[in-house]
Undergrad: 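Below you will find the structure I want to go over with you.
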Amino acid sequence: MSNKPIIALIYDFDNTLSTHDMQEFNFIPELGMTPDEFWGTCGKLSKENNMDSILAYMLLMAQKANEKGIDLSRESLRKMGQQVEFFEGVEQWFKRINAYGARLGFEVRHYIISCGLKHMIEGCPIGHEFYNVFACDYVYDDEGHILWPAVAINYTSKTQFLYRINKGIEDAGEDKKLNMYMPQSERAVPFENMIYIGDGLTDVPSMKLTRTRGGYAIGVYRNPEDATYLVKEDRVDFYVQSNYLPDSEMDIAMKAIFQKIKARERFKKLSESSYSAARKDDK
């Protein structure tokens with residue numbers, strides 16, 4: 001295991017890395033529905049039953065798949081994930097930013113915290129790039145049929161996974177250790193070394209928490225006319241177009257944050273070294 005300081009890049013998935021919600025590439029068309037029809041039905045289901053919107057879409061997916069005879073096993077979801085498409089430069093982004101971090105003396109870890117489906121993300125062309133994927137999932141019976149939601153991540157519950165990354169407690173079923181006090185020196189990834197990347201309102205709680213604890217947030221937008229809310233409400237450090245190519249706004253912003261973290265690490269080491277030397281001189 002590396003002894004290098006860790007920088008954690010934490011992404012939303014839909015419309016941050018992928019060009020659309022992951023269900024829209026093949027699952028919704030296979031139902032014979034448009035995205036507007038499917039998500040509209042989810043909203044209606046949520047409202048009529050005073051139901052969390054994430055649980056509503058998970059239920060509707062299971063119901064519609066059963067009606068149409070569509071397999072929603074873990075393996076079939078991974079296969080659906082293979083059809084997900086990404087913004088320009090995403091598939092080459094990870095190797096390049098990992099190398100840049102390594103040159104600065106960091107280990108770079110990539111995480112997903114998503115309201116989408118875990119196995120779709122794991123099966124997508126970039127699934128292997130992530131240190132961990134925190135996303136919605138089902139409990140299955142021995143024949144692979146859905147029994148119940150196992151994990152349902154909504155907009156506010158995303159924040160608990162930031163603490164999991166911070167403390168190195170990444171098992172979603174482990175709550176006791178997560179809620180116990182842990183000294184800062186024992187935490188896996190300081191919040192100051194976290195960078196959250198998201199595209200909109202659903203990411204605001206995570207952006208706010210990350211920045212409040214000393215980390216950073218980058219907002220992404222598809223079109224310039226979309227670049228409004230997150231800037232007006234001061235939710236992000238940078239707001240950039242969803243382009244991950246070399247020398248893009250994202251590339252420049254990310255490297256600037258890395259450089260700032262590096263400068264802070266140098267300052268900390270220099271301060272600690274000076275303090276230790278002063279203590280020796282006093283003896």
Side-chain angles (χ1 to χ4, degrees), residues 9-46 53-94 110-130 132-138 140 144-146 149-155 158 197-203 219-223 226 241-245 248 250:
L9 275 61
I10 304 160
Y11 310 82
D12 177 44
F13 189 83
D14 294 330
N15 302 296
T16 295
L17 296 173
S18 67
T19 56
H20 299 285
D21 291 332
M22 63 186 72
Q23 296 86 350
E24 295 178 13
F25 292 97
N26 47 26
F27 177 74
I28 293 175
E30 200 169 342
L31 294 178
M33 301 177 75
T34 66
D36 286 346
E37 289 170 339
F38 180 83
W39 298 119
T41 303
C42 287
K44 184 179 179 182
L45 183 64
S46 174
S53 61
I54 304 304
L55 287 170
Y57 100 67
M58 294 179 74
L59 174 61
L60 189 63
M61 279 191 73
Q63 288 177 334
K64 291 294 184 182
N66 187 55
E67 290 173 10
K68 296 287 186 176
I70 299 171
D71 180 17
L72 279 191
S73 65
R74 295 181 181 92
E75 187 54 38
S76 69
L77 287 170
R78 290 189 183 101
K79 288 179 180 177
M80 290 181 192
Q82 294 173 8
Q83 305 304 313
V84 172
E85 298 174 3
F86 301 96
F87 289 115
E88 196 169 13
V90 166
E91 295 187 49
Q92 297 78 38
W93 163 259
F94 304 94
H110 304 271
Y111 290 86
I112 291 289
I113 304 180
S114 171
C115 302
L117 290 169
K118 179 181 179 72
H119 297 295
M120 272 196 185
I121 297 169
E122 289 179 339
C124 78
I126 60 172
H128 63 284
E129 302 285 2
F130 302 110
N132 207 340
V133 173
F134 302 111
C136 300
D137 198 5
Y138 295 102
Y140 295 87
H145 301 133
I146 292 172
V151 179
I153 299 178
N154 64 23
Y155 316 135
K158 279 186 172 187
I197 304 104
D199 66 282
L201 292 176
T202 63
D203 300 299
V220 300
Y221 60 87
R222 185 189 302 265
N223 301 305
D226 297 332
Q241 199 154 18
S242 46
N243 180 324
Y244 294 77
L245 289 170
S248 63
M250 171 63 81

Undergrad: Counting only heavy atoms not in Glu88, do more than 12 fall under 6.0 Å of its CD?
TA: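 No - once you tally the heavy atoms of other residues, nucleotides and ligands closer than 6.0 Å, there are 12 at most.
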Undergrad: Is any side-chain N of the basic residue among Asp203 and Lys158 closer than 4.0 Å to the acidic one's carboxylate O?
TA: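 Between Lys158 and Asp203 there is a salt bridge, with a charged N closer than 4.0 Å to a carboxylate O.
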Undergrad: Give me the atom names and distance for the closest heavy-atom approach of Ala56 to Leu45.
TA: O-CD2, 3.6 Å
Undergrad: Just wondering, do Phe87 and Val220 contact through their side chains at under 4.5 Å, heavy atoms?
TA: no
Undergrad: Looking at OH of Tyr140 and NE2 of His145, how far apart are the two atoms once the value is rounded to the nearest 0.5 Å?
TA: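 Rounded to the nearest 0.5 Å, the OH-NE2 separation comes to 11.0 Å.
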Undergrad: Measure centre to centre between the rings of Phe130 and Phe94, then say whether the value is under 6.0 Å.
TA: yes
Undergrad: Please name the pair of heavy atoms, one in His20 and one in Phe25, separated by the smallest distance, quoted to 0.1 Å.
TA: O-CE1, 3.6 Å
Undergrad: Does the side chain of Ile197 reach to within under 4.5 Å of the side chain of Tyr244, using non-hydrogen atoms?
TA: yes
Undergrad: Under the side-chain contact (heavy atoms from CB on, under 4.5 Å) test, which residues partner Ala62, sequence neighbours left out?
TA: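 Ala62 satisfies side-chain contact (heavy atoms from CB on, under 4.5 Å) with Ile146 only.
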Undergrad: If the plane angle is over 60° it's perpendicular, under 30° parallel, otherwise tilted; pick one for Phe86 and Phe13.
TA: perpendicular
Undergrad: Begin with the C-alpha distance, continue with both residues' side-chain angles, and end with the deciding distance and a verdict on side-chain contact (heavy atoms from CB on, under 4.5 Å) for Thr34 and Ile28.
TA: CA-CA 7 Å; Thr34 66; Ile28 293 175; 5.9 Å; no
Undergrad: What pair of heavy atoms forms the shortest contact from Cys115 to Cys136, and how long is it?
TA: O-SG, 3.2 Å
Undergrad: Are side-chain heavy atoms of Met120 and Val84 found at a separation under 4.5 Å?
TA: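 No, side chains not in contact.
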Undergrad: Rounded to the nearest 0.5 Å, what's the gap from CZ on Phe27 to CG on Leu72? Could you check?
TA: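 With rounding to 0.5 Å, CZ (Phe27) is 5.0 Å from CG (Leu72).
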Undergrad: Would you name the heavy atoms of Ser73 and Asp71 that are closest together and state the gap between them?
TA: N-OD1, 2.9 Å
Undergrad: Rounded to the nearest 0.5 Å, what separates atom CG in Leu60 from atom CG in Leu31?
TA: 8.0 Å
Undergrad: Determine the minimum heavy-atom distance between Met58 and Tyr138, stating which atoms define it.
TA: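 Taking Met58 first and Tyr138 second, the nearest heavy atoms are O-OH, 2.7 Å.
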Undergrad: Rounded at 0.5 Å granularity, tell me how far CG in Leu17 sits from CD1 in Ile112.
TA: 5.0 Å
Undergrad: For the side chain of Asp137 and the backbone of Ala150, is there at least one donor-acceptor N/O pair under 3.5 Å apart?
TA: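 Between the backbone of Ala150 and the side chain of Asp137 there is no qualifying donor-acceptor contact (under 3.5 Å).
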Undergrad: Keeping to residues at least two apart or across chains, list the salt bridge (charged side-chain N to carboxylate O under 4.0 Å, His left out) pairs with something in residues 32-42.
TA: none
Undergrad: Counting C-beta onward and ignoring hydrogens, is there a side-chain heavy-atom pair between Gln23 and Trp39 closer than 4.5 Å?
TA: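 When only atoms from C-beta onward are counted, Trp39 and Gln23 do touch, with a gap below 4.5 Å.
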Undergrad: Please assess His110 against Ile126 for the test side-chain contact (heavy atoms from CB on, under 4.5 Å), listing each intermediate value before the final yes or no.
TA: CA-CA 11 Å; His110 304 271; Ile126 60 172; over 6 Å; no
Undergrad: Which atom pair, heavy atoms only, marks the closest approach of Met80 to Asn26?
TA: O-ND2, 3.1 Å
Undergrad: Roughly how far, to the nearest 0.5 Å, is CD of Gln83 from CE of Met22?
TA: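 Answer for the CE-CD pair, Met22 versus Gln83, is 14.0 Å.
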Undergrad: Starting at CH2 of Trp93, measure out to CE of Met250 and round the result to the nearest 0.5 Å.
TA: 5.5 Å
Undergrad: Is Leu117 close to Tyr57 at the side-chain level, that is, under 4.5 Å between some pair of heavy atoms?
TA: yes
Undergrad: How far apart are the C-alpha atoms of Asp199 and Arg222, what are their side-chain angles, what is the distance that settles it, and do they pass the salt bridge (Lys or Arg N to Asp or Glu O under 4.0 Å) test?
TA: CA-CA 9 Å; Asp199 66 282; Arg222 185 189 302 265; over 6 Å; no
Undergrad: Just by modelled atom types, is the Leu245 backbone N or O under 3.5 Å from a matching donor or acceptor in the Asn243 side chain?
TA: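 Here the side-chain-to-backbone pair exists.
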Undergrad: Does the side chain of Asp21 reach to within under 4.5 Å of the side chain of Pro35, using non-hydrogen atoms?
TA: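 Result no, sub-4.5 Å side-chain heavy-atom pair not found.
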